[in-house]
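The structure presented is a predicted model; accordingly, all values stated were derived computationally and were not measured. Convention: sequence-line order gives letters A, B, ...; per-chain numbering from 1.
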Number of protein chains: 2
Amino acid sequence: MTFTQILPLTDISGVSPADACSSPLARTAIAPESADALARSLKALSDPARLRIISIVSAHADQEACVCDLTDQLTLSQPTISHHLKVLVDAGFLTRAKRGTWSYYSLVPGSLGSVAGVLAAV
Amino acid sequence: MTFTQILPLTDISGVSPADACSSPLARTAIAPESADALARSLKALSDPARLRIISIVSAHADQEACVCDLTDQLTLSQPTISHHLKVLVDAGFLTRAKRGTWSYYSLVPGSLGSVAGVLAAV
């Protein structure tokens, strides 16, 4: 096989009809499985009350807040706050520890920064 | 009024019942209005198809993609893709330009990085 026989095949495979409309791809786009995982993380965060909970927790000097801090600062019922806390624990942004009367919630170190980093590079 | 008369008042105002359970606040938490705005942006992004659309657009050399690129790469109906594109345009992540037969979508420069930055600092 000569070079001229290979060249047309290479050219045709490199130019799909879609590529002909736009500029060439500079990199590959996000994989479908990665998009699914990122969307799940973002969904857990895309609620004003959950963002405020994370912010109140991370605003404390040791990034841990008693559940009583949250009920004090959010004008939401206890069951609603508990639901939001469960979503954030399940999504890997908070951990829970029970000490005495109260539950304490801590920010998982790097969890927010990790999602933000993946999002910025989408 | 003496110093000893002022001191107890100052101490009491500085320690709410909530503060007594947790470490002190190192900074203020996100304002409710800012949490609302960030949640709206994250909601627009928290869908696998929308993340893939943004990624396909930004993967192109000039961060612009023909709508035909998207229909080629996503296994979704044209109306579904149009719905996702509208959500992303309305949320300020994409802009749309019509040239000839096709619509072209461009990434709004800095829009993803801005949301990622706010999220990382929540």
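Per-residue heavy-atom pair counts under 4.5 Å with chain A were compared for B:Glu64, B:Lys43, B:Arg50, B:Gln63, and the maximum is reached by B:Lys43. Most heavy-atom pairs under 4.5 Å with chain A, from the set B:Ala59, B:Ala37, B:Ala49, B:Ala29: that is B:Ala59.
Closest approach of B:Ser55 and A:Ile30 over heavy atoms only: OG-N, 2.7 Å. A:Ala35 approaches B:Pro48 most closely through the heavy-atom pair CB-O, 3.8 Å. Across all non-hydrogen atoms, the minimal contact from B:Ser23 to A:Ala61 is OG-N, 3.3 Å.
Side-chain N/O atoms of B:Arg27 and A:Ser58 include a donor and acceptor closer than 3.5 Å.
Taking 4.5 Å as the heavy-atom cut-off, none of the residues of residues 92-99 of chain B approach chain A. Close approach to chain A, defined as a heavy atom under 4.5 Å from one of its heavy atoms, is seen in B:Leu112, B:Val115, B:Ala116, B:Leu119, B:Ala120, B:Val122 of residues 108-122 of chain B, taken by number.
By the salt bridge (Lys or Arg N to Asp or Glu O under 4.0 Å) test, A:Asp36 pairs with no residue at all, sequence neighbours left out. In terms of the salt bridge (Lys or Arg N to Asp or Glu O under 4.0 Å) criterion, residue partners of B:Asp90 (sequence neighbours excluded) are, by chain and number, B:Lys86.
Of the candidates B:Asp47, B:Leu42, B:Leu38, A:Ser46 forms a side-chain contact (heavy atoms from CB on, under 4.5 Å) with just one, namely B:Leu42.
Linking Ile, Leu, Val, Met, Phe, Trp and Tyr residues whenever their side-chain heavy atoms come within less than 4.5 Å leaves A:Leu107 and B:Leu25 in two separate clusters. Under the 4.5 Å side-chain heavy-atom criterion for grouping Ile, Leu, Val, Met, Phe, Trp and Tyr, B:Leu45 is not connected to B:Val87 through any hydrophobic cluster.
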